Amino acid sequence: MMFESLKPAVGLQEYMVSIHRDFLTDVETVVSRGSENGRLADGADPRALAETMMNLLRGLAFRWLLDEKEVDMLAGIDSIRRTMNTLAAPAD
């Protein structure tokens, strides 16, 4: 469905844009909470982190759709989570 919205279909593109915008806002909210409780590095940009995470998740989903036998979705999500935590973590 992710790429179906690129084809002519009344209202589908607008609907998918809305879903993606809402998801991005939700992820940004969660990341911002990490900033508030000291789990993010000083100066970390919650919006940029949310966009990076969303882009990584969408890329993983696309890869899985292309080759679900080879792409382990759960391992990919865990990899994204670990990497984002490492990138955004405060310095020791």
Side-chain angles (χ1 to χ4, degrees):
M1 185 160 163
M2 181 166 38
F3 295 107
E4 290 296 315
S5 63
L6 299 177
K7 296 179 182 177
V10 176
L12 182 57
Q13 183 176 9
E14 293 83 8
Y15 174 71
M16 292 303 293
V17 166
S18 175
I19 285 175
H20 283 79
R21 284 183 181 155
D22 290 348
F23 180 69
L24 181 60
T25 299
D26 291 346
V27 172
E28 182 181 7
T29 298
V30 170
V31 172
S32 292
R33 286 187 203 133
S35 180
E36 293 165 6
N37 66 26
R39 294 191 61 198
L40 291 182
D42 288 339
D45 180 350
R47 181 66 174 206
L49 290 169
E51 287 179 356
T52 299
M53 185 179 300
M54 185 170 170
N55 292 337
L56 291 168
L57 288 169
R58 295 299 185 239
L60 174 62
F62 180 65
R63 288 183 55 229
W64 181 80
L65 287 170
L66 289 174
D67 191 5
E68 68 180 271
K69 291 180 182 177
E70 193 65 32
V71 177
D72 183 337
M73 180 67 82
L74 294 178
I77 290 170
D78 187 55
S79 173
I80 290 169
R81 180 191 57 76
R82 285 183 285 113
T83 300
M84 293 302 293
N85 283 336
T86 299
L87 290 173
D92 290 330

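Since the structure is predicted, the reported quantities are computational estimates derived from the model, not experimental observations. Hydrogens, waters and symmetry mates are skipped; everything else that's a heavy atom, side chains included, is used.
The distance from the OG1 atom of T52 to the CG atom of L87 is 8.5 Å, given to the nearest 0.5 Å. Note: E28 CD to D26 CG = 10.0 Å, rounded to the nearest 0.5 Å. Taking CG of L57 as the reference point, atom CE of M84 lies at 9.0 Å (rounded to 0.5 Å). Atom CG of residue N55 and atom CG of residue L24 lie 8.5 Å apart, to the nearest 0.5 angstrom.
In D42, the CG atom is not crowded: 12 or fewer heavy atoms of neighbouring residues, nucleotides or ligands sit closer than 6.0 Å. Around the CZ atom of R39, the shell of radius 6.0 Å holds no more than 12 heavy atoms that belong to other residues, nucleotides or ligands.
Under the 4.0 Å criterion applied to side-chain N and carboxylate O atoms, D78 and R82 are assigned as salt-bridge partners.
In this structure, I77 is a member of the same hydrophobic cluster as M54, with clusters built from ILVMFWY side-chain heavy atoms closer than 4.5 Å. At a threshold of 4.5 Å between side-chain heavy atoms, the hydrophobic network of Ile, Leu, Val, Met, Phe, Trp and Tyr places L56 and L65 in one connected group.
Minimum interatomic distance between L60 and G76 (heavy atoms only, all atoms of both residues): CD2-C, 3.6 Å. Counting all heavy atoms, side chain and backbone alike, A89 lies closest to A41 at O-CB, 3.5 Å.
If you run side chain to side chain contact (heavy atoms under 4.5 Å, CB included) between W64 and each of E70, M73, K69, only M73 comes through.
At least one donor-acceptor pair closer than 3.5 Å links the side chain of T29 to the backbone N or O of T25.
Looking only at side-chain heavy atoms (C-beta outward), L49 and L40 come within less than 4.5 Å of each other.
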